[in-house]
Visitor: 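Before I ask anything, let me first share the structure, which is written out below as structure tokens.
In each ligand, atom 1 is the first atom listed, and ligand 1 is the first ligand listed. Both backbone and side-chain heavy atoms feed into the values below; hydrogens, waters and symmetry mates do not. Source: prediction; values computed, not measured.
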Amino acid sequence: MAETKYIFVTGGVASSLGKGIISSSIGKLLQARGYSVTIQKFDPYINIDPGTLNPYEHGECYVTVDGHEADLDLGHYERFLGIQTTKANNITTGRIYKSVIDKERRGDYLGKTIQIIPHITDEIKRNVKLLGNKYKFDFVITEIGGTVGDIESLPYLESIRQLKWELGKNALCVHLTYVPYLAAAGELKTKPTQHSVKELQSVGIQPDILVLRTEHPLSLNLRKKVALFCNVDENAVVQSMDMPTIYEVPLRMQEQNLDVTILQKMGLPIGEEPDLSSWKEFLNRRHNAKEIVKIGLVGKYDLQDAYKSILEALSQAATYNDRKADIHFINSENLNDANVEEKLKDMDGVIICPGFGQRGIEGKFVALKYCRTHDVPTFGICLGMQCMAIEFARNVLGYADANSREMDETTPHNVIDIMEEQKSITNMGGTMRLGAYECVLDPNSKVYQAYQSEHIQERHRHRYEFNNDYKEEYEKAGMKCVGVNPESNLVEIVEIPTLKWFIGTQFHPEYSSTVLKPHPLFLSFIKAAIDK
Ligand code: GLN
């Protein structure tokens, strides 16, 4: 395709309507037609990236291969499209301002007064077009975080207005709203949608397509009414009902010809409807899986979004093993020797979650001791892997005071230590060991069997590492270091081969599990959990 097409996805009425899923679904449908597609998220907050945000504020921090700490919506983009995103796919207001201020200090603006329009908006526009210009995608879908009407969103909306004006047919705006159902009146209400569209129009943006989130099916009449009041074609008013799984959404959008409407509006040939057969096959398997596999998730955040990618990776792997993942959150803060048996005995497998800091850490050791001594399939991820090493040092190697330097700076048995290059770092943001690193696997290991390959690359996000001074002792006592970084010699994977499945990874495999390519370690973990 000669020119890149730009699709903007905005939201109104309420937050959490699923702009990320709609963006991903549109991306999926266009990609299935043979176009190269990427999706970008703009977050209207001042943080440079979400890396320093508490998961209670913002859910999981996703990590791209190039080491960017990103919004969790990038995880949806990768899982739906099977693409890899980068730092260019997630921009915050903080980054926009920082870049403008840096340019000002360098003198790039030649004495001009720096203003929101045009300097901030130009920087936003530059970041939108960068993906099209530099990487030559056919479609760049840009999701604008927040809700229309927020003060924070205004510079983004102004940029979209300008881009739509400049790009003509090559740009289009999809606006997602909510249609509430008033039970007392027995009616669906379109007024919030009308107001939200007015809000967009008042900043000069006419949405081209409306996606209406609803819990009840919308009648043709209701859609006609919305079309009429909002200056949108009737076939461009699409409903998005609650679905048992988010992976149904692309199919529901296809049924309503959302992709066809987009192509028509952008003056592109329609061609044949793509069959999405492997996607449908995944959904069929998911739907037909009746038996469950029970997985305990031991961590300190009792909110779903904090472990988003792990949950998705587990449920994908369960689907490909023809099971339903029945995931139980087990708060590690409440876990002790007296109740661990009761909380874990029904689990087919246990995940020890990633995390930072002291809170809830002792409960992870309690869980690990139980799992190790009862041969429960167990998967430790990042901090979870570090906890595996610490629990083993305390209860097998006999170092009762073993710890990570993160939890106890003066521990005499620092089996997990701070990485050399981390010692001088004082800034918290963006300074961890981040992004994809190579790892070489021991051919005599379960991880090798799972990956079927000696060389792998996985994404990291941590400051601490396994202390190689103890490596020999561990291996003698039965915990093997089966994955090592070939350059730095850092231990990336530990495994107890005499147990059914007891593996810890310093990296985060969950980030690279997608709908059509479930992650080999999660597949193998779920299989072991089923066999138990
Ligand atoms: N807190 C640990 C570290 O910094 C682990 C981080 C994580 O689990 N992502 O090394």
Visitor: Show me which atoms of ligand 1 lie under 4.0 Å from any heavy atom of Pro354.
Guide: 8 (O)

Visitor: Taking only heavy atoms of Cys382 into account, list the atoms of ligand 1 that are under 4.0 Å away from them.
Guide: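 The list of qualifying atoms is 5 (C), 6 (C), 7 (C), 8 (O), 9 (N).
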
Visitor: State if His508 counts as touching ligand 1 under the rule of any non-hydrogen atom under 4.0 Å.
Guide: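 So His508 counts as touching ligand 1.
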
Visitor: Where the side chain of Asp43 meets the backbone of Ile91, is there a donor-acceptor pair that is under 3.5 Å apart?
Guide: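 A pair under 3.5 Å: no.
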
Visitor: Would you mind telling me if ligand 1 is within reach of the side chain of Arg461, the backbone, both or neither, using heavy atoms under 4.0 Å?
Guide: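 The answer is the backbone of Arg461.
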
Visitor: Taking non-hydrogen atoms only, is Glu465 closer than 4.0 angstrom to ligand 1 via side chain, backbone, both or neither?
Guide: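 Neither part.
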
Visitor: Can you confirm if the NZ or CZ of Arg286 lies within 45° of the ring axis of Phe282 and under 6.0 Å from the centre of its six-membered ring?
Guide: no

Visitor: Give the residue, atom name and distance (to 0.1 Å) of the protein heavy atom nearest atom 10 (O) of ligand 1.
Guide: Tyr464 N, 2.8 Å

Visitor: If you draw a 6.0 Å radius around CD in Glu291, do more than 12 non-hydrogen atoms from other residues or ligands fall strictly inside?
Guide: no

Visitor: Polar contacts were defined as any N/O atom of the residue lying under 3.5 Å from an N/O atom of the ligand; does this apply to Gly357 and ligand 1?
Guide: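 No - when backbone and side-chain N and O of Gly357 are compared with those of ligand 1, no distance drops under 3.5 Å.
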
Visitor: Are there over 12 heavy-atom neighbours, none belonging to Lys476, within less than 6.0 Å of that residue's NZ?
Guide: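 No.
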
Visitor: When you look for heavy atoms under 4.0 Å from ligand 1, do you find them on the side chain of Met432, its backbone, both, or neither?
Guide: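 It is neither; nothing of Met432 touches ligand 1.
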
Visitor: With side chain to side chain donor-acceptor pair (under 3.5 Å) as the test, would you mind laying out the steps for Ser332 and Arg359 before giving the verdict?
Guide: CA-CA 9 Å; Ser332 58; Arg359 186 163 66 85; over 6 Å; no

Visitor: With a sphere of 6.0 Å drawn around NZ of Lys517, does it hold more than 12 non-hydrogen atoms of other residues, nucleotides or ligands?
Guide: no

Visitor: Which atoms of ligand 1 have any heavy atom of Leu383 under 4.0 Å away?
Guide: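 So the atoms of ligand 1 that pass are 5 (C), 7 (C), 8 (O).
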
Visitor: Closest non-hydrogen protein atom to atom 5 (C) of ligand 1, residue and atom name please, with distance?
Guide: Gly355 O, 3.4 Å

Visitor: Which of the numbered atoms in ligand 1 are under 4.0 angstrom from any heavy atom belonging to Arg463?
Guide: 3 (C), 4 (O), 10 (O)

Visitor: Run the numbers on Asn321 and Phe522 for side-chain contact (heavy atoms from CB on, under 4.5 Å), then give the verdict.
Guide: CA-CA 10 Å; Asn321 275 294; Phe522 280 92; over 6 Å; no

Visitor: Inspect the surroundings of NZ in Lys369 and state if more than 12 heavy atoms from other residues, nucleotides or ligands are less than 6.0 Å away.
Guide: no

Visitor: Please indicate whether any nitrogen or oxygen in Glu406 is less than 3.5 Å from any nitrogen or oxygen in ligand 1.
Guide: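 Among all N and O atoms of Glu406, at least one is under 3.5 Å from an N or O of ligand 1.
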
Visitor: Would you check, one step at a time, whether the test side-chain contact (heavy atoms from CB on, under 4.5 Å) holds for Glu420 with Glu465?
Guide: CA-CA 9 Å; Glu420 198 48 46; Glu465 59 164 317; 5.6 Å; no

Visitor: May I ask you to list the atoms of ligand 1 that are less than 4.0 angstrom from any heavy atom of His462?
Guide: 3 (C), 4 (O), 6 (C), 10 (O)

